[in-house]
Amino acid sequence: MALRLYDTVTRTVRDFVPLEPGRVGIYLCGLTVQAGPHIGHLRSGVNYDVLRRWLAHSGYEVRFIRNITDIDDRILATSIQAGRPFWAIAYANERILSAAYDALGVLPPTYEPRATGHVPEMLELITALLADGHAYQAEDGSGDVYFDVKSYADYGALSGQRPEAMQAAPDGPERAKRDPRDFALWKGPKPDEPPDAYWPSPWGRGRPGWHIECSAMCQRYLGAEFDIHGGGLDLVFPHHENEIAQSRAAGLGFARYWVHHGLLNFGETKMSKSLGNVLDLDGVVALGVRPVELRYYLIAPHYRSRIDYSDEALREAGAAYRRLEGFVQRAAERVGAGEPGVLCAEFVEAMDDDLNTSRALGIVHDVVREGNSALAADRDDTVRGALGSVRAMLGVLGVDPLDPQWTFKEPGAELHDAVDELVLIALRQRDEARARKDYAAADAVRDGLKQAGILVEDTPHGPRWTIGGRP
RNA sequence: GGCGGGUUGGCCGAGUGGCUUAGGCAAGGGCCUGCAAAGCCCUGUACGCGGGUUCGAUUCCCGCACCCGCCUCCA
């Protein structure tokens with residue numbers, strides 16, 4: 001069975017058939033960088049990272065484009081408020097975003113285009129839309145250019161909205177739209193906005209509307225027609241509807257599959273910068289949860305499910321991950337790390353079924369249980385097989401504990417060998433005490449190590465130690 | 001008002017017309033251990049409410065309640 005994906009257009013799970021055999025082009029609407037990312041944003045990056053890894057593992061050559069929106073109303077508002085150039089704010093936040101993605105093991109996209117770097121492509125697209133009568137210049141001298149929604153018959157096909165039934169946007173007195181549903185392709189200058197936020201155009205100085213950038217960048221990097229376009233559920237309307245309208249109206253085939261992920265709620269409502277109820281990566285780390293555990297938390301539910309965030313659920317995910325990690329670590333100590341092995345057929349089936357990571361992780365836990373039993377029974381061949389399989393499956397999900405992504409970045413990792421020597425000295429004393437059945441002395445050593453955050457466990461193959469319960 | 005999604009055992013979270021059912025966390029019992037820890041085994045129980053279809057529904061249909069998202073910036 002090959003991959004099946006839920007497509008928002010058809011509202012069904014359907015077979016994924018690429019435009020070109022063996023290749024996949026994906027465009028993911030990235031973030032508007034008027035602030036750093038919260039964990040809801042990071043869910044988006046992680047979800048698509050899993051899709052991308054799964055496609056790559058399935059043998060596809062993946063071209064994955066994830067944009068950065070570095071010019072828009074909110075960035076300009078932040079700029080005015082902070083008294084700093086909008087581009088400085090956007091860039092600083094872009095760096096924070098990249099660092100967060102790195103910390104979560106989100107692979108860099110094939111390319112990460114910025115909106116401001118693609119104004120010429122946007123102008124070209126807008127020019128074509130004007131020429132074909134799909135767009136018009138505002139007659140109030142504002143310099144705005146709008147897309148004429150009535151000129152595109154299929155408007156609303158993605159979101160199921162009927163233009164005539166839609167609530168009219170309260171645009172009020174500003175600007176001259178012919179129809180309230182029309183949306184800006186190009187925005188003329190406004191007196192209260194930073195003067196460096198504008199580019200020359202055939203219609204005077206101005207800046208792009210929000211939607212046109214994605215159409216332009218899709219075309220530039222993925223061509224007129226491409227496989228998958230993704231983003232959060234909240235982008236279905238109007239953003240993606242508008243992208244489709246302007247791209248198709250311009251004669252482009254555009255996206256063949258629309259994949260939208262569920263949002264992350266915080267308390268009663270979605271986590272949102274504008275509502276101020278945000279938790280970011282630093283906040284998660286402050287709770288004592290490692291980035292890899294956050295990643296596990298974000299992929300444990302299906303990508304289309306809503307996540308109602310809670311500290312408790314996050315910590316539970318950490319505990320669940322540590323169970324997997326513990327097996328991998330103990331198995332590697334016994335039989336060597338080896339190489340990632342074969343995926344379970346059921347795992348493949350789950351992933352092919354619209355990326356059912358939840359079920360896939362259930363399979364991994366099953367294999368870990370078998371592996372743990374084999375470990376206890378000294379069936380090393382079985383341990384080796386389970387370890388390879390578990391590592392391969394966790395690798396696809398981006399959470400293989402032995403991936404250098406996670407092993408090389410633990411703070412103080414370089415001290416590990418030194419600590420190991422010191423702990424071994426203590427453990428030798430403990431062994432001597434145990435040999436003469438002086439358990440008080442033996443336990444004193446273990447308690448002392450525990451005070452230092454080092455947990456000692458006895459195994460049939462001798463004692464092993466971990467820091468804070470983590471391998 | 002329009003469009004869409006949801007309501008699963010103590011918690012998180014998959015899934016399915018009946019069959020063995022996820023899986024994890026937490027809890028209790030057991031095995032192992034000098035004691036622990038880890039691990040393994042066992043236990044518990046669920047499908048919002050009311051109808052309908054069916055031999056049989058948590059799963060399909062209808063209605064109701066509640067929750068959430070979008071229609072305005074939003075991952």
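The figures here come from the full heavy-atom set of this structure, side chains too, leaving out hydrogens, waters and symmetry mates. In what follows, every chain begins at residue 1, and chains take the letters A, B, ... in the order their sequences are listed. Just so you know, these numbers come straight off a predicted model, no measurement behind them.
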**Q** Both distances under 3.5 Å, Watson-Crick or G-U wobble: on that basis, could you give the dot-bracket string for RNA chain B, with [ ] for crossing pairs and | for other-strand partners?
**A** (((((((..(((.....[....))).(((((.......)))))....(((((..]....))))))))))))....
**Q** Base, sugar-phosphate, or nothing for H261(A), non-hydrogen atoms under 4.0 angstrom?
**A** base
**Q** Applying side chain to side chain contact (heavy atoms under 4.5 Å, CB included) between M351(A) and each of L3(A), I363(A), L397(A), report the one that passes.
**A** L397(A)
**Q** Within the 4.0 Å heavy-atom criterion, would you say L235(A) contacts the bases, only the backbone, or no part of the nucleic acid?
**A** sugar-phosphate
**Q** Test your reading of the model: is there a side-chain donor-acceptor pair from Q34(A) to the backbone of R74(A), 3.5 Å cut-off?
**A** no
**Q** Could you tell me the separation between the CD atom of E349(A) and the C1' atom of A14(B), rounded to a whole number of Å?
**A** 14 Å
**Q** Does atom CZ (R359(A)) have a neighbourhood of more than 12 heavy atoms from anything else shown, all under 6.0 Å?
**A** yes
**Q** Distance to the ring centre below 6.0 angstrom and angle to the axis at most 45 degrees; does that hold for R304(A) and Y6(A)?
**A** yes
**Q** We want to know whether D420(A) and W465(A) form a side-chain donor-acceptor pair, criterion being a heavy-atom distance below 3.5 angstrom.
**A** yes
**Q** Taking everything shown except R95(A) itself, do over 12 heavy atoms lie less than 6.0 Å from its CZ?
**A** no
**Q** Nearest to the side chain of H41(A) - A75(B), C25(B), G34(B)?
**A** A75(B)
**Q** If I pick the P atom on U21(B) and the same atom on U16(B), what distance separates them, to the nearest angstrom?
**A** 16 Å
**Q** Taking the same atom, C1', in A27(B) and in U45(B), what whole-Å distance lies between them?
**A** 12 Å
**Q** So which nucleotide from C12(B), A14(B), C73(B) ends up closest to the side chain of E316(A)?
**A** C12(B)
**Q** Tell me yes or no: between the side chains of H461(A) and R334(A), is some donor less than 3.5 Å from an acceptor?
**A** yes
**Q** Taking N or O atoms only and anything under 3.5 Å, show me the protein contacts with nucleotides 20-22 of chain B, one pair per line.
**A**
unit_1, atom_1, unit_2, atom_2, d
A22(B), N1, S358(A), O, 3.4

**Q** Between the protein and nucleotides 37-39 of chain B, which nitrogen or oxygen pairs are less than 3.5 angstrom apart?
**A**
unit_1, atom_1, unit_2, atom_2, d
A37(B), N1, D458(A), O, 3.2
A38(B), O2', R330(A), NH1, 3.0
G39(B), O3', N372(A), ND2, 3.0

**Q** Assess R14(A) against Y257(A): is NZ or CZ under 6.0 Å from the centre of the six-membered ring, and within 45 degrees of the ring's axis?
**A** yes
**Q** Taking atom C1' of C71(B) as reference, at what distance in whole Å does atom NE2 of H240(A) sit?
**A** 16 Å
**Q** Verify whether one side chain among E213(A) and T69(A) offers a donor that lies under 3.5 Å from an acceptor in the other.
**A** yes
**Q** Base, sugar-phosphate or nothing for R334(A)? Non-hydrogen atoms, less than 4.0 Å.
**A** nothing
**Q** Measuring centre to centre across the rings, with the benzene-like ring taken for any Trp, is F254(A) within less than 6.0 Å of F226(A)?
**A** yes
**Q** Considering every strand and a 4.0 Å limit on heavy-atom distances, what is the contact class for F237(A): base, sugar-phosphate, or nothing?
**A** sugar-phosphate
**Q** Kindly state whether the ring of Y221(A) and the ring of H118(A) have centres lying under 6.0 angstrom apart.
**A** yes
**Q** Answer with base, sugar-phosphate or nothing: what part of the nucleic acid does G30(A) contact at a heavy-atom distance below 4.0 Å?
**A** sugar-phosphate
**Q** In whole Å, what separates the P atom of U59(B) from that of C19(B)?
**A** 14 Å
**Q** Quick one: on RNA chain B, does S159(A) or L28(A) contact a more 5' nucleotide (nearest heavy atom)?
**A** S159(A)
